[in-house]
Every structure is written in structure tokens, then in C-alpha cells.
Amino acid sequence: MMLMLIILAFMLGTLSFDDYNKSSLFGKSQNSVVQYIIVKTLVSLGAAIAVYLIMVVLQIPLAGMWGLLTFLLNFIPNFGFVVAVTLPMPFIILDPSMKSHQMVLSFVLPTLVHFFIGNIIEPWFFYKNKDIQLHPLTSLLCVIVWVMIWGVPGGILAVPLTTMLRAYLNMYRHLYPMMGM
């Protein structure tokens, strides 16, 4: 976890929003990481607002906290939503004032939100963004590979690392066109 925090701090510390050479390798990888952070933050914010509104409508206590946790945990690909959905369950189930339909809907509706956003909206934005342009299958496979290499920290950094790797490989494709890449 410490290694992941060091890498994340380095990646964020090297980002600059000043003018930089976008055609250089560093500029391309930097732009990919910036675009990833922007897209991931907007998607996480959308999921958090949707979960917050569901919890408010269902009159679930601490709706703001569940929305905030959804925002933060959505940055963990493919696993964060499980924690975000299951974390409020003990509080909801053990609350004697909750009705059974509130309990069921407070589990089912956030799960549907995370499923829709994580499997349809987010991959579509990653694929349509010209700086990231990762196919949804590539996103899933890169998370699996990076989790196998570094565990959970690798899963968190999977998409930024893959977009940076893609930028490096694209640079070599232009340098060595005879290789057929």
C-alpha cells in the first residue's frame, strides 16, 4: 500500500496544467493521466450523487456519508462498489425503524447504479476519450493483470498505468513503422 501511495504521489506531483509539449512522450502520458483523473472523478461524482439521492428518498440515515464513501470507493475499479454497497448494510439492517422494503431497496438500487455506471457509463467514457481510448475489455483485463502483479494497489492504478504504457508503445509505433505495430 505504501508503494502504491508513493507511485500515486509521484504521478500527481509530476502533473502540470501549464503548457507542455503534448507531442512528447511525457506530455502524452501526462495528458492521459489527467484525462483519466477527470473522467474517473466525474463518473464517481455521478455515482455518489445517485446513491445519495436513493438513500435520501428511502429515508436511510447517514445518506451523505454513504454518498461520500461511494465517491471515494468508486476509485477502486471492480471492487470498490462491493464495499460501497455492503458497508451501509449492517447499519440499515440493525436499525429497528427500517421497513423491509427500505432494506431491500437500499441494497438493490445502489447495486444497480454501480452496475450501470461501472459497466456501461465509465467504459464508454474511457473508450470515447481520445486521450485514454481504452476498450472496455482492455480496462477489465488491465485491472486483472495489475491486481495479479501488485494486488489491490495495482487494481487502483491499473487504468492510469495502462494508459501510460499505451502512450509509450504508441511512441515506439511511430518511431519504428517497419515493425508493423
What pairs with [X] under side chain to side chain contact (heavy atoms under 4.5 Å, CB included), at least two apart in sequence or on another chain?
X    : answer
F91  : W66
V108 : V104, L112
I49  : L45, L53
F115 : N119

Point to revise | Flag, side chain of K40 to backbone of E122, donor-acceptor distance under 3.5 Å | key: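 No; zero donor-acceptor contacts below 3.5 Å.
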With rounding to the nearest 0.5 angstrom, report the [atom1] to [atom2] distance, [X] to [Y].
X    : Y    : atom1 : atom2 : result
L58  : M103 : CG    : CE    : 12.0 Å
I60  : I92  : CD1   : CD1   : 4.5 Å
T70  : I117 : OG1   : CD1   : 9.5 Å
S106 : H101 : OG    : NE2   : 10.0 Å

Do you know which two heavy atoms are closest between [X] and [Y], and how far apart they sit?
X   : Y    : result
G67 : A48  : O-CB, 3.2 Å
V51 : P110 : CG2-CB, 4.2 Å
M55 : A63  : CB-CB, 3.5 Å
M98 : Q102 : CA-OE1, 3.5 Å

Cluster question for you: counting only ILVMFWY and a side-chain heavy-atom cut-off of under 4.5 Å, with indirect links fine, are [X] and [Y] together?
X    : Y   : result
Y52  : L68 : yes
M89  : M65 : yes
W124 : V39 : yes
L109 : L87 : yes

Point to revise | Under the side-chain hydrogen bond (donor to acceptor under 3.5 Å, both in side chains) test, residues paired with S97 that sit two or more places apart | key: D95
Practice item. Decide yes or no for L62 and P88: does some side-chain heavy atom of the first lie under 4.5 Å from some side-chain heavy atom of the second? Key: no
Review point. With F71, which residues qualify under ring pair (Phe, Tyr, Trp, His ring centres under 6.0 Å), at least two apart?
Key: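 Residues passing ring pair (Phe, Tyr, Trp, His ring centres under 6.0 Å) with F71: F75.
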Practice item. Show your reasoning for whether side chain to side chain contact (heavy atoms under 4.5 Å, CB included) applies to V85 and H114. Key: CA-CA 9 Å; V85 169; H114 285 289; 3.5 Å; yes
